[in-house]
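Below: the structure, in structure tokens.
Note that these values count all heavy atoms, side chains included, but never hydrogens, waters or copies made by symmetry. Start at 1 with the first residue, then count along the sequence.
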Amino acid sequence: MDTPWSEGCCRRLEPSGGTMTGTLSSKVIYPRLRRIAELARRVRSEPLTSLAHNIDSVWLTTALELTNKRAATGIDGVSFATYARDLEANLQALERRMKDGSYRAPPVRRVHIPKADGKETRPIGIPTFEDKVAQRAIAMLLEAIYEQDFLDCSYGFRPGRSAHQALSQVRSALMKWGGGWVLEIDIRKFFDTLDKQRLMEVLSRRVRDGVVPRMVAKWLHAGVMENQELTFSKTGTPQGGVISPLLANIYLHEVLDVWFEQEVRPRMKGRCSLVRYADDAVLLFEFEEDARRVFEVLPMRFEKYGLTLHPEKTGLIAFRRPTVPKGKVGPGKRPGTFDLLGFTHYWARSRQGYWVILRKTAASRLSRKLKVISQWLKARRHWHVSDQSKSLWRMLKGYFNYFGIVGNGRQLWKFRRGVEEAWKKWLGRRSQRGYLSWAKMHRVLGRYPLPKPGRLVLV
């Protein structure tokens, strides 16, 4: 009988840019993954020592099919099209080098993207195409093993789990309790400060195959190429690699998830819950006393593993159901709000007059996305209007698919309006005499309409 993990894994066996249903690789790999998962489930307390024999030409072919072939290239500039010119020989050589230890993890190419606050940037490491295939191959093995260990509180970058499920769990718990105390957790520069040695120690408790830990160690110690300068760091792992999210889950499973379930929960007087999506997490408490006790010891727990909590973004929020009579607002009567996964959570009255928890797009997330689209339009204002329209359509549909939840309709329309204004602005700057009035812009929108928010889903 298939487990939830196996169902999610089956859905994940969908290569980027095509389908793998019915191919030889999918038919061979899926039973292997299931056998590895069953073995890991039977021997939870013992490390697995024989895994590398699974990595053969069929396994690497599957990893290749799952690799995004349109993503940016690494430091060598080799794309999928170039790699595929001698694909069979390249995969055979990759298998040999992975198993005999001669594989050398190339440095990643570092780029920076702005964070939500606009003050800092997030460094992203872009591996070479072959390195992505190798990382995917090892990630497939590790995922089959660790999905048997991961707890239900973890939602990020796991098969069959999503950010919407994490949001639903948070809302469900707080609604059931009538609100509570929310402890927001923000780890300062998690991927930059992750303790490599501690991560390898955690990994060795479950995997002692030889090939797998050796490959992970190579990626952890691979250099970073930025502005033609190669650097190496004693801590951290480049964010952006195929295997990076899984390694983050493995580390935080040990640091936070297991600790919360085994050490924290039994000592609490009231109900409590943990919801984590990769390195974003919130702790929910029914009673203030429990929340403050955990808040005091939490920094020490993270410090033990070489991590630091952001002092400004980590805090305790009173999120009790309001006691303000309908139509009246008194000082200090309203609860606070908190942000999670791009949404601001707050209490509001339903149409029937009951207090409910609603979510809306966080102001910082909305403004940042509009800024990104405006910069995109500026760089492509020479494009034909129809080509701009097609790209904007895809951007808005993706945005609406994620943020289109009940209670967020006003923010969705605000975002759409902001995109229209940005489009008008840059269409009007295609030449010195290219001013565009709203009357003309409405004619453009009539011919090239932008999508509207669809039916909002309950999350």
Can you tell which of Phe150, Tyr277, Tyr146 makes a ring pair (Phe, Tyr, Trp, His ring centres under 6.0 Å) with Phe157?
Tyr277

Residue pair Leu60 / Asp56, side-chain heavy-atom distance below 4.5 Å
no

Start with the C-alpha gap between Val459 and Arg171, add the side-chain angles, then the distance that decides, and say whether side chain to side chain contact (heavy atoms under 4.5 Å, CB included) holds.
CA-CA 8 Å; Val459 173; Arg171 183 180 187 274; over 6 Å; no

Determine, for Arg161 against Asp152, whether the closest basic-nitrogen to carboxylate-oxygen distance falls under 4.0 angstrom.
yes

Arg301 (side chain) donor-acceptor with Val255 (main chain) under 3.5 angstrom:
yes

Could you tell me whether a side-chain N or O of Arg321 sits under 3.5 Å from a main-chain N or O of Trp355, the two making a donor and an acceptor?
no

Looking only at the side chains, is there a donor atom on one of Asp131 and Trp219 sitting less than 3.5 Å from an acceptor on the other?
yes

Go through the side-chain N and O atoms of Asp186 and Thr314 and say whether any donor and acceptor fall under 3.5 Å apart.
no

Check whether Lys218 reaches the backbone of Tyr103 with its side chain - one donor and one acceptor, N or O, closer than 3.5 Å.
yes

Any Lys/Arg nitrogen of Glu184 or Lys313 sitting under 4.0 Å from an Asp/Glu carboxylate oxygen of the other?
no

Tell me whether Lys196 contacts the main-chain N or O of Ser233 through its side chain, where contact means a donor paired with an acceptor under 3.5 Å.
yes

Using 30° and 60° as the class boundaries, would you call the ring planes of Phe400 and Phe415 parallel, tilted or perpendicular?
perpendicular

Residues Leu220 and Met200: closest non-hydrogen pair is CD1-SD, 3.7 Å

How far apart are the C-alpha atoms of Asp209 and Ser50, what are their side-chain angles, what is the distance that settles it, and do they pass the side-chain hydrogen bond (donor to acceptor under 3.5 Å, both in side chains) test?
CA-CA 5 Å; Asp209 169 79; Ser50 181; 5.3 Å; no

Could you check whether any side-chain N or O of Asn408 sits under 3.5 Å from a backbone N or O of Thr361, counting only pairs where one atom can act as donor and the other as acceptor?
yes

Taking the side chain as C-beta and beyond, is there a heavy-atom pair between Glu286 and Cys272 under 4.5 Å?
no

Do Arg32 and Arg35 come close enough that some side-chain heavy atom pair is under 4.5 Å?
yes

Flag if over 12 foreign heavy atoms under 6.0 Å of CZ, Arg44
yes

Measuring from atom CG of Leu458 to atom OG of Ser168, what distance do you get when rounded to the nearest 0.5 angstrom?
7.5 Å

Tell me whether Trp181 contacts the main-chain N or O of Leu284 through its side chain, where contact means a donor paired with an acceptor under 3.5 Å.
no

Stepwise side chain to side chain contact (heavy atoms under 4.5 Å, CB included) check, Thr73 with Val78:
CA-CA 6 Å; Thr73 59; Val78 175; over 6 Å; no

If the threshold is 4.0 Å, N to carboxylate O, is there a salt bridge linking Glu201 and Arg198?
yes

State plainly whether the residues Arg205 and Glu254 are in salt-bridge range, i.e. N to O under 4.0 Å.
yes

Using 4.0 Å as the upper bound for N to carboxylate O, is an ion pair formed by Arg293 and Glu289?
no

Compute whether any side-chain donor of one residue and acceptor of the other, for Asn249 and Tyr155, lie under 3.5 angstrom apart.
no

If I compare all heavy atoms of Pro47 with all of Ser204, which pair ends up nearest, and what's the gap?
CB-O, 3.9 Å

Closest heavy-atom contact between Thr67 and Lys132?
CG2-CB, 3.9 Å

Crowded around Tyr354 OH? As in, over 12 foreign heavy atoms under 6.0 Å?
no

Taking only Lys NZ, Arg NE, NH1 and NH2, and the carboxylate oxygens of Asp or Glu, determine whether Glu296 and Arg292 approach each other closer than 4.0 Å.
no

Ionic contact status for Glu130 with Arg97, cut-off 4.0 Å
yes

How many angstroms lie between atom NZ of Lys452 and atom CG of Leu450, to the nearest 0.5 angstrom?
10.5 Å

Chi angles and distances behind the side chain to side chain contact (heavy atoms under 4.5 Å, CB included) call for Leu256, Ile185
CA-CA 11 Å; Leu256 185 60; Ile185 297 177; 4.3 Å; yes

Before we go on, tell me: are the rings of Phe319 and Trp347 under 6.0 Å apart, centre to centre?
yes

Distance from Leu64 atom CG to Thr61 atom OG1, nearest 0.5 Å?
6.5 Å

More than 12 foreign heavy atoms under 6.0 Å from CD of Gln197: is that the case here?
no

Report the distance from atom OG of Ser391 to atom CG of Leu396, rounding to the nearest 0.5 Å.
11.5 Å

How far apart are the C-alpha atoms of Val212 and Leu141, what are their side-chain angles, what is the distance that settles it, and do they pass the side chain to side chain contact (heavy atoms under 4.5 Å, CB included) test?
CA-CA 9 Å; Val212 176; Leu141 275 174; 3.9 Å; yes

Checking Lys304 side chain against Pro299 main chain: does a donor-acceptor pair fall under 3.5 Å?
no

Closest non-hydrogen atom pair between Ala52 and Lys99, with its separation
O-CE, 3.3 Å

Do Lys360's NZ or CZ and the ring of Phe343 fall within the cation-pi criteria of under 6.0 Å and 45°?
no

Could you check if a side-chain atom of Trp59 sits within less than 4.5 angstrom of a side-chain atom of Glu95, using non-hydrogen atoms only?
no

Do His310 and Ile187 make a side-chain contact, defined as non-hydrogen atoms from C-beta onward lying under 4.5 Å apart?
no

Look at the aromatic rings of His345 and Phe338 and report parallel, tilted or perpendicular, splitting at 30° and 60°.
parallel

Non-hydrogen atoms of Ala348 and Leu358 that approach each other most closely
CB-CD1, 3.7 Å

Does any N or O in the side chain of Arg206 come within less than 3.5 Å of the main-chain N or O of Leu48, such that one atom is a donor and the other an acceptor?
no

Rounded to the nearest 0.5 Å, what separates atom CD in Gln411 from atom CD1 in Ile405?
11.0 Å

Taking the side chain as C-beta and beyond, is there a heavy-atom pair between Tyr399 and Leu366 under 4.5 Å?
yes

Separation of Arg42 CZ from Glu46 CD (nearest 0.5 Å)
11.0 Å

Has the side chain of Arg34 got a donor or acceptor atom that lies under 3.5 Å from a matching backbone atom of Ile29?
no

Report yes if the side chains of Asp76 and Thr128 come closer than 4.5 Å at any heavy-atom pair, otherwise no.
yes

Tell me yes or no: between the side chains of Arg188 and Thr308, is some donor less than 3.5 Å from an acceptor?
no

Do Asp257 and Arg276 have side-chain heavy atoms sitting under 4.5 Å apart?
yes

Crowding at CD, Glu288 (>12 non-hydrogen neighbours, <6.0 Å)
yes

Please check: side-chain N/O of Gln148 versus main-chain N/O of Ala40, any donor-acceptor pairing under 3.5 Å?
no

Kindly assign one of parallel, tilted or perpendicular to the pair Phe129 and Phe80, based on the angle between their ring planes and the thresholds 30° and 60°.
tilted

When every non-hydrogen atom of Pro245 is compared with those of Gly241, the smallest separation belongs to CD-O, 3.3 Å

